[in-house]
Amino acid sequence: MAAKSLIHSPLNGFKVEAFNGKFAGKDMVSIRQFTDKIEVAKVFNVAGQMEKIVKSKVNSNILKHVTMAELFYQPSTRTFTSFLSAARWLGCKRVVAIHGMEAYSSVTKGESLPDTIMSIEQTTACDIIVMRHPEDNSAFEAAHFASVPIVNGGSGKLEHPTQAVLDLYTIYRRLGTMTGLKVGMLGDLLNGRTVKSLSKILTLVDPKAKLYFISPKVLELPRNEVAELKQRGAQIVETSDLASVLPELDVLYVTRIQKEWFKTPAQQKLYNNLKGQYDINNKWLKLAKKKMIVMHPLPRVGEISYEVDDDPRAAYFEEMRMGLYTRMALLALLTGKIK
Ligand code: NCD
């Protein structure tokens, strides 16, 4: 396997080790750390074991001796709770989970990210840190300064690797395959991080994946991301016309327009013009294959009508449960408790 062993931050020169078949003791900062589909298969295999634990309703003690810290500098419903609950299902009793870091920690006094990370390690004696942060380079920076693995629960506009794993697992579970698929990604491809991570892992497991990026021109996927995907072998279609591609798709991955990144008055005006542009409802689904699945990392803010929830093609609730299983698997693998 002639895989790269170091993955560099595109921004600040920090780097993390690629998995190269081994997870124990490593950070999970970038989806680019996956270098072979065998690693994906490993996570999925362990996720299957994790599902059995949850279904048995009896905690395991795999993480009995592990202390986990969770530091979230941005809002979260699913990622925060699924990591917390993943740790608990695995018997991890020592969890320090902090939401609202940006408001309630010494960050408001100007504390730097390296100082915060090193402080949390000292005060908690943790073995692993899960972090969500608004800056693109934050997870790489945290990994550089931490002596324990950093798990990226979403950083800036570029990376959300654990979401990509759970999304891919959902596709695999629902469609029984990860290859030969036509995957449409709709919404804010410029600011959203989930699409950037998912499209990369899709092209790892299927270098010839056909990806359809559907968005208004102003929200299109950045050119360097498109170039990277093409280099990985992907076939790419970019369009603003959902109707023209929807009948072909096996997966429709919907995302919200990321309001928080529209900061200036001009951007806020643009946001107001863009919001509500698409609403996946039963009428749209009439154009889609009977076996297509509709996904969304959530939160949804009007892009998928509630009526779609009752359609068997809706997979976004299942995605959340797959998030619990895959995050249990990742915690067990990264801490080296499962090899
Ligand atoms: C996403 C995120 O934080 O990037 N949420 C999530 O983790 N499920 C998607 C979003 O906020 O739109």
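Note that ligands are numbered from 1 as they come in the structure, with each ligand's atoms numbered from 1 the same way.
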### Message
Below 4.0 Å from ligand 1: does a non-hydrogen atom of Thr255 turn up there or not?
### Response
no
### Ring center gap for Tyr325 and Tyr169 short of 6.0 angstrom
no
### Query
With atoms numbered from 1 as shown, which atoms in ligand 1 lie under 4.0 angstrom from a non-hydrogen atom of Arg256?
10 (C), 11 (O), 12 (O)
## Note on the structure
ligand 1 to Pro299, heavy atom cutoff 4.0 Å, flagged ligand atoms 10 (C), 11 (O)
### Task
Taking Thr255 for its side chain and Leu186 for its backbone only, find out whether a donor-acceptor pair lies under 3.5 Å.
yes
### Message
Could you tell me, atom by atom, which parts of ligand 1 come under 4.0 Å of a heavy atom of His160?
### Response
2 (C), 4 (O), 6 (C), 7 (O)
### Tyr253 and His296 aromatic centres sub-6.0 Å
no
#### Entry: Identity and distance of the protein heavy atom lying nearest atom 8 (N) of ligand 1
Pro297 O, 2.8 Å
### Message
Less than 6.0 angstrom separating the ring centers of Phe14 and His144, yes or no?
### Response
yes
### Query
Are Val254 and Val294 side-chain neighbours, meaning at least one heavy-atom pair lies under 4.5 Å?
yes
### Task
Check whether any N or O atom of Arg193, backbone or side chain, sits under 3.5 Å from an N or O atom of ligand 1, and answer yes or no.
yes
### Query
Would you say Thr194 has any N or O atom under 3.5 Å from an N or O of ligand 1, going by distance alone?
no
### Query
Are Asn281 and Glu307 close enough that some pair of their side-chain heavy atoms sits under 4.5 Å apart?
yes
### Within reach of ligand 1, part of Gln74 (heavy-atom separation under 4.0 Å)
neither
### Message
Any heavy-atom pair between the side chains of Ser147 and Glu121 that's under 4.5 Å?
### Response
yes
### Which of the ligand 1 atoms, numbered from 1, are nearer than 4.0 Å to a heavy atom of Gln258
10 (C), 12 (O)
### Task
Check ligand 1 against Leu298 and write out every atom of the ligand that is under 4.0 Å from a heavy-atom position of the residue.
1 (C), 5 (N), 6 (C), 8 (N), 9 (C), 10 (C)
